[in-house]
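Below: the structure, in structure tokens.
Numbering starts at 1 and runs along the sequence shown.
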Amino acid sequence: MSQASTAQSSAYLTALTQEIEKKLLRALASQSQRRNLLEQLFADIALEVDDRARDMILSGEEDVISPVEERSESKLCFYDVLADHYVRVPENGKSILDLIVQLWSQLFASHIFALLFHKWLFEVQLENSEVLFRYSSALVQGATNVFWIDIQTNTMRFQSLFRYLLEEVALVPTRLNKIAPQAQRDLYLLLSRFIFFYNFVDKLESFLKEFPIFPNSFLAGGPADIFVIELADQLQKLKVEPVLVHYLSQIKVLQGLELRMTTSTRLKACLYSFTSPGGPMYPTRIVRHAAWEALDFLFPVGRYPRHLISLFFRLLYPWYWPSSCWNFIMSCIKAVLYSLLRLIFSSSEKLRRPKNA
């Protein structure tokens, strides 16, 4: 790596920092335009890095940028490189941090703080415990907000933030212990709600092992119970069909977890609420089928009585009969066609074998 390319990359990141500082100063000076300016700044730092900027940044940062570019699920965004930059050169982010603190009560201030300083918070030493708790709370709040943006748009733009908080903080006690116990618990609850969405179910076992102790654990239960309670609450809040179906498909990994009876009943009731075409959830047909699959997989006992009861209640609503009959007919036609295709392909395979032999 040449010194010229390193200097070019550093100069580019410094220029980005100055632009961020200018926009924050404008937001601080203009109360009427404050929200719009902060929203624009948030959108800017969440943008994907284009090819020209990527070459300029990575030319001098190849050895120090965290493995964002190795991810296939998400792409390199400006907040990724800026977060790394403020860890390496903390003085460059100090003025921005001071301005964000002055704008603390504004809607997008916590979003911006979480994106730009999520790594800095766990790498620097802060002596003032009150300031540390304030920053930790802002991180959890901001991360919650940006993760919900991903859910509402069904994108993975902030997956790198989730990955860092899970793999580099929650699963690394030395980093996790830098923040207050309450902030640790809030962080684990946050990660519990979004771990399925960002496809980190393979980390679930180690995640539950590192779960902090909760004051109400004697009522709520152990780590698995608290995790499932948060997950059930999250499911009830989801309104985007593809995201909800994704959660329901991932939820099968819960099989085998030792849960309290109350937690198990709560999860079962949550899943069952998605099997009915009416209120309060009003799920689509795809969601209903995914919920039935998850429910039957996790709770096989009582499977047939549940379906029988569901069919009985469906018969009480005649306006659902035409659509149900139509979907049943189409399902039967598809099943017959697939069976015929499998039969044809298997027959053709048998006819080919003697010729090849």
Side-chain angles (χ1 to χ4, degrees), residues 140 143-144 147 151 162-163 165-177 179-238 243-276 281 283 287-310:
V140 173
T144 302
F147 293 159
I151 278 189
F162 184 90
R163 180 191 293 269
L165 294 177
L166 176 64
E167 296 182 346
E168 303 299 329
V169 178
L171 301 182
V172 181
T174 53
R175 281 204 181 102
L176 182 65
N177 292 332
I179 59 177
Q182 181 59 49
Q184 294 178 25
R185 292 190 287 267
D186 292 341
L187 178 62
Y188 268 84
L189 295 180
L190 167 65
L191 297 175
S192 298
R193 294 193 290 270
F194 294 94
I195 194 170
F196 281 10
F197 176 70
Y198 287 111
N199 300 318
F200 285 98
V201 291
D202 57 318
K203 304 287 183 182
L204 183 58
E205 184 178 353
S206 54
F207 176 69
L208 292 177
K209 287 180 181 178
E210 298 294 338
F211 229 76
I213 299 173
F214 282 72
N216 62 337
S217 58
F218 68 99
L219 292 174
D225 292 283
I226 296 173
F227 174 82
V228 170
I229 289 170
E230 288 298 312
L231 181 61
D233 289 344
Q234 178 78 345
L235 285 172
Q236 299 286 340
K237 297 174 184 176
L238 296 176
V243 175
L244 184 52
V245 171
H246 178 69
Y247 266 80
L248 293 171
S249 65
Q250 298 266 18
I251 207 169
K252 296 177 182 178
V253 300
L254 299 181
Q255 188 183 44
L257 286 183
E258 294 185 8
L259 302 174
R260 288 188 175 186
M261 183 64 69
T262 53
T263 308
S264 180
T265 304
R266 185 169 184 168
L267 177 61
K268 190 187 299 184
C270 173
L271 293 175
Y272 195 75
S273 68
F274 289 106
T275 62
S276 172
M281 305 309 296
V287 171
R288 294 199 302 272
H289 281 225
W292 273 120
E293 288 181 12
L295 189 62
D296 293 341
F297 185 83
L298 293 176
F299 305 100
V301 177
R303 171 181 180 178
Y304 296 109
R306 281 197 302 265
H307 283 272
L308 189 62
I309 293 170
S310 175

Next item on the list: Could you grab the distance from atom CG of Leu254 to atom CZ of Phe297, nearest 0.5 Å is fine?
Entry: 10.0 Å
Check: Has the side chain of Ser249 got a donor or acceptor atom that lies under 3.5 Å from a matching backbone atom of His246?
Finding: yes
Next item on the list: Compare every heavy atom of Ala291 with every heavy atom of Thr275, then report the nearest pair and how far apart it is.
Entry: CG2-CB, 3.9 Å
Notebook entry, point to check: Donor-acceptor pair, Arg266 side chain versus Asp233 backbone, under 3.5 Å?
Noted result: no
Notebook entry, point to check: Any side-chain heavy atom of Leu238 within less than 4.5 Å of one from Phe274?
Noted result: no
Check: Does some side-chain heavy atom of Val245 sit less than 4.5 Å from a side-chain heavy atom of His289?
Finding: no
Next item on the list: Output the distance between atom CG (Leu298) and atom NZ (Lys252), rounded to the nearest 0.5 Å.
Entry: 8.5 Å
Checklist line | Arg260 side, atom CZ; Ile226 side, atom CD1 - distance, nearest 0.5 Å | finding: 9.0 Å
Notebook entry, point to check: Could you state the interatomic distance from CD1 (Ile195) to CG (Leu190), rounded to the nearest 0.5 Å?
Noted result: 11.0 Å
Note to self: Testing the basics here: between Ile229 and Ala220, what is the closest heavy-atom pair and its distance to 0.1 Å?
What the structure shows: CD1-O, 4.1 Å
Next item on the list: Nearest 0.5 Å please: distance from the CD atom of Glu168 over to the CZ atom of Arg175.
Entry: 5.0 Å
Note to self: If I compare all heavy atoms of Leu208 with all of Pro223, which pair ends up nearest, and what's the gap?
What the structure shows: O-CB, 3.7 Å
Notebook entry, point to check: What are the two closest non-hydrogen atoms of Ile251 and Ala294, and how far apart are they?
Noted result: CG2-CB, 3.6 Å
Check: Can any side-chain N or O of Arg185 pair as donor or acceptor with the backbone N or O of Phe214 at less than 3.5 Å?
Finding: no
Next item on the list: Would you name the heavy atoms of Arg193 and Glu230 that are closest together and state the gap between them?
Entry: NH1-OE1, 2.9 Å
Check: Would you find more than 12 non-hydrogen atoms of other residues, nucleotides or ligands less than 6.0 Å from Ile213 atom CD1?
Finding: no
Next item on the list: Please report the closest heavy-atom contact between Cys270 and Ala232, naming both atoms and the distance.
Entry: SG-O, 3.6 Å
Check: Side chains of Leu244 and Leu235: does their closest heavy-atom pair fall under 4.5 Å?
Finding: yes
Margin query: Could you check whether any side-chain heavy atom of Phe147 comes within less than 4.5 Å of a side-chain heavy atom of Leu165, counting everything from C-beta outward?
Written below: yes
Check: Are Phe162 and Phe200 close enough that their ring centers fall under 6.0 Å?
Finding: yes
Note to self: Apply side chain to side chain contact (heavy atoms under 4.5 Å, CB included) to residues Glu210 and Tyr188 and explain how you reach the verdict.
What the structure shows: CA-CA 9 Å; Glu210 298 294 338; Tyr188 268 84; 3.2 Å; yes
Checklist line | Contact check, side chains of Ser273 and Gln236, non-hydrogen atoms, under 4.5 Å | finding: yes
Next item on the list: Show your working on side chain to side chain contact (heavy atoms under 4.5 Å, CB included) between Val253 and Asp202 and close with a plain yes or no.
Entry: CA-CA 9 Å; Val253 300; Asp202 57 318; over 6 Å; no
Check: When you look at Gln250 and Asn199, which way does the side chain to side chain contact (heavy atoms under 4.5 Å, CB included) test go after all the steps?
Finding: CA-CA 8 Å; Gln250 298 266 18; Asn199 300 318; 2.9 Å; yes
Item checked: From OG1 (Thr262) to CG (Asp225), nearest 0.5 Å -> 6.5 Å
Note to self: Once you measure the plane-to-plane angle for Phe211 and Phe207, does it fall in the parallel (<30°), tilted (30-60°) or perpendicular (>60°) bin?
What the structure shows: perpendicular
